[in-house]
Novice: 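What follows is a single structure, and I will ask about it in a moment.
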Amino acid sequence: MQERYIKLNSVEDIKTFVRAAENCPFDIDVNYNRVYIDGKSFLGLMGMDLNQTLRVQFSGNDAAFEAMLEGFAAGKNSAA
């Protein structure tokens, strides 16, 4: 399981994230506090507090997805 911390600051950021996530054959979970959302759900991510640092967990490898995550990095990145 890999884990990254990101900040999504706008609706455009959410669209970019969801488009990249939809191309991945593995599950992607996004959470903060005790709220877990499917990373491929635009509406789910729209309901999250964009002021929060979000934790992204995934168990596959996709270079394009990981490169996109780096663009939204929030400074606490770690690979598990």
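We're numbering straight along the sequence, starting at 1.
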Novice: Using the six-membered ring wherever Trp is involved, compare the ring planes of Phe65 and Phe58 and label them parallel, tilted or perpendicular (cut-offs 30° and 60°).
Specialist: perpendicular
Novice: Would you say Met48 ends up clustered with Met46 if hydrophobic residues are merged whenever their side chains have heavy atoms under 4.5 Å apart, either directly or through other cluster members?
Specialist: yes
Novice: Enumerate the salt bridge (Lys or Arg N to Asp or Glu O under 4.0 Å) contacts for residues 39-61, please, sequence neighbours excluded, ordered by first and then second residue.
Specialist: Glu3-Arg55
Novice: Tell me if a side-chain donor or acceptor on Asn33 pairs with a main-chain N or O of Val35 at a distance below 3.5 Å.
Specialist: no
Novice: Is there a side-chain contact between Val18 and Leu45 (heavy atoms, below 4.5 Å)?
Specialist: yes
Novice: Mind checking what makes salt bridge (charged side-chain N to carboxylate O under 4.0 Å, His left out) contact with Glu66, not counting sequence neighbours?
Specialist: Arg4
Novice: Which residue pairs pass the salt bridge (Lys or Arg N to Asp or Glu O under 4.0 Å) test with at least one member in residues 26-36, sequence neighbours excluded?
Specialist: none
Novice: So, for Gly39 and Ala21, which heavy atoms are closest and what is the spacing to 0.1 Å?
Specialist: O-CB, 3.5 Å
Novice: Just jot down the side chain to side chain donor-acceptor pair (under 3.5 Å) partners of Asn61, sequence neighbours excluded, or say none.
Specialist: Gln2
Novice: Under 4.5 Å between any side-chain heavy atoms of Ile37 and Asn31, yes or no?
Specialist: no
Novice: Kindly give the heavy-atom pair with the smallest separation between Asp62 and Asn23, and that separation in Å.
Specialist: OD2-O, 4.4 Å
Novice: Measure the spacing between CG of Leu54 and CG of Leu8 and express it to the nearest 0.5 Å.
Specialist: 5.5 Å
Novice: Which heavy-atom pair separates Leu50 from Lys7 by the least distance, and what is that distance?
Specialist: O-NZ, 3.7 Å
Novice: Just jot down the ring pair (Phe, Tyr, Trp, His ring centres under 6.0 Å) partners of Phe72, sequence neighbours excluded, or say none.
Specialist: none
Novice: Locate the shortest heavy-atom distance separating Phe17 from Ile28; write the atom from each residue and the value.
Specialist: CZ-CG2, 4.2 Å
Novice: Give, for atom CG of Leu43 and atom CG of Asp38, the distance between the pair rounded to the nearest 0.5 Å.
Specialist: 11.5 Å
Novice: Could you tell me the separation between the SG atom of Cys24 and the CE atom of Met68, rounded to the nearest 0.5 Å?
Specialist: 7.5 Å
Novice: Under the rule for side-chain contact (heavy atoms from CB on, under 4.5 Å), what residues qualify as partners of Lys15, not counting sequence neighbours?
Specialist: Val11, Glu12, Arg19, Phe42
